[in-house]
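To keep things clear, I will list the structure first and then write my remarks on it.
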2 protein chains.
Amino acid sequence: MSDADTDPAATGAELGWRLSTAVVLFHEAVGQRLGLRALDHRALGLIEREGPLTAGALAELTGLTPGAVTGLVDRLSRLGYVRRVPDPADRRRVLVSADTEARPDLADAFTGLSRAMGDLVAKYDDTELAAITDYVTNTIDILYAQTRRLGAPGPTGRTTPHGEGTGAD
Amino acid sequence: MSDADTDPAATGAELGWRLSTAVVLFHEAVGQRLGLRALDHRALGLIEREGPLTAGALAELTGLTPGAVTGLVDRLSRLGYVRRVPDPADRRRVLVSADTEARPDLADAFTGLSRAMGDLVAKYDDTELAAITDYVTNTIDILYAQTRRLGAPGPTGRTTPHGEGTGAD
DNA sequence: CATTTTAGTTTAGTGAACTAAAATAAGCAG
DNA sequence: CTGCTTATTTTAGTTCACTAAACTAAAATG
């Protein structure tokens with residue numbers, strides 16, 4: 001493509017598409033490195049962001065049944081990424097908390113990334129940085145808006161990826 | 001946020017993290033909407049980008065065995081996203097090509113996204129746009145570099161997500 | 001203190017996607 | 001034209017994550 005056809009929309013979309021591909025591939029690579037499935041990876045992120053969660057809360061947030069959450073937490077804790085901590089206030093409850101110490105791979109991966117991103121950002125002056133920040137912030141908003149739009153109607157109607165019970169028994 | 005706490009590294013990493021989350025969630029939403037698994041979604045993207053691919057090429061690119069590719073293409077074509085076309089030059093070969101017509105959902109999703117992104121990009125003047133483009137381009141490079149780094153060593157040693165043969169028989 | 005409710009785990013069974021290897025079909029070489 | 005190679009599909013068997021439902025344990029209630 002020459003400069004002749006630099007249509008803003010096309011440029012924006014093309015750049016966004018390539019960025020999106022890069023992000024997804026990176027996430028997949030992180031997941032594979034960690035031995036995690038997409039859902040497990042996402043659940044781990046959830047646990048990290050939302051602080052210690054009870055198994056029930058995790059079930060609600062992921063849309064899984066309690067039994068599936070047990071399996072999920074089993075996998076995650078077997079790999080050492082999370083830890084089951086009994087809730088001192090209510091001993092029926094199990095708090096699932098991220099075990100940050102035990103994730104050298106993940107920490108390493110994200111350290112390298114965040115340092116590279118920091119170096120990159122340092123190159124720009126305030127005006128440029130403002131534009132970049134504005135762009136990224138708006139892109140995030142757009143993505144969330146589009147995600148909501150996609151999630152809303154649901155013509156296929158399946159929120160679960162697979163293995164829905166047939167209820168045939 | 002005030003200017004007081006704008007540490008470049010922190011800003012870059014934080015912004016990048018949020019962007020990455022947004023991208024991944026969007027991709028997941030698209031995949032769910034389409035009834036596609038992560039790998040299927042990725043394979044579809046591959047077919048779209050790389051033009052018609054033979055089943056064998058797809059196997060190499062995805063790292064799957066030929067048999068698994070047959071299943072993959074079955075799923076994708078059953079949903080109408082791709083089409084099997086016999087290679088006129090070599091009739092053993094099967095070309096798998098994306099069936100763009102048959103994807104109103106996907107087209108709609110990406111049309112909305114690309115229009116929104118186009119509108120966003122149109123806001124900026126040339127200087128700002130140059131900074132943004134530079135930032136995004138470099139971010140993509142960084143992500144690919146980090147992805148390569150993650151993929152290279154592989155302490156867990158598993159390139160396949162699961163179901164590796166035990167070779168016990 | 002007995003009963004009900006709540007939280008999570010365990011068990012049984014299902015469906016999906018994968019691997020390995022055999023089968024089918026088409027091109028190519030002697 | 002016969003045999004060998006290549007490309008994909010088919011078949012058999014495995015593994016994994018999920019659901020549903022039974023179960024265990026702890027808290028709340030009367």
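Predicted model, so just to flag it, every value in this text is computed and none were measured. Reminder, nothing fancy here: chain letters follow the sequence lines and each chain counts from 1.
Atom CG in B:Leu64 sits about 13 Å away from atom P in D:dT9, given to the nearest Å. The CG-P distance, from B:Leu76 to C:dA17, rounds to 11 Å in whole Å. Taking atom CG of B:Leu53 as the reference point, atom P of D:dT8 lies 11 Å away to the nearest angstrom. Rounded to an integer number of Å, the gap from B:Arg75 CZ to D:dT9 C1' is 15 Å. What separates CG of B:Leu58 from P of D:dA7 is a distance of 15 Å, to the nearest Å. Atom pair B:Leu39:CG and C:dA17:C1' shows a separation of 10 Å (rounding to whole Å applied).
Within 6.0 Å of CZ on A:Arg115 lie no more than 12 heavy atoms contributed by other residues, nucleotides or ligands.
Under the rule for a side chain to side chain donor-acceptor pair (under 3.5 Å), the partners of B:Ser20 that lie at least two apart in sequence or sit in another chain are A:His27. With sequence neighbours excluded, the residues forming a salt bridge (Lys or Arg N to Asp or Glu O under 4.0 Å) with B:Asp90 are B:Arg92, B:Arg93, listed by chain and number. Partners of A:Thr127 under the side chain to side chain contact (heavy atoms under 4.5 Å, CB included) rule, at least two apart in sequence or in another chain, are A:Asp125. Remark: B:Asn138 engages B:Asp134 in a side chain to side chain donor-acceptor pair (under 3.5 Å) (not counting sequence neighbours).
Mapping A:Thr65 and A:Pro88 onto DNA chain D by nearest heavy atom places A:Thr65 at the nucleotide closer to the 5' end.
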List, one per line, each side-chain donor-acceptor pair under 3.5 Å for residues 59-69 of chain B, sequence neighbours excluded.
| residue | atom | partner | partner atom | Å |
| --- | --- | --- | --- | --- |
| B:Thr62 | OG1 | B:Leu58 | O | 2.7 |
| B:Thr62 | OG1 | B:Ala59 | O | 3.4 |
| B:Thr62 | OG1 | B:Leu64 | N | 3.4 |

In B/S/- notation (B base, S sugar-phosphate only, - none; protein heavy atoms under 4.0 Å), nucleotides 3-10 of chain C written 5' to 3' is ---BSSBB

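The shortest distance between the side-chain N/O atoms of B:Arg91 and the OP1/OP2 oxygens of C:dA25 is not below 4.0 Å. Contact check, A:Arg37 against C:dA16: no side-chain N or O comes under 4.0 Å of OP1 or OP2.
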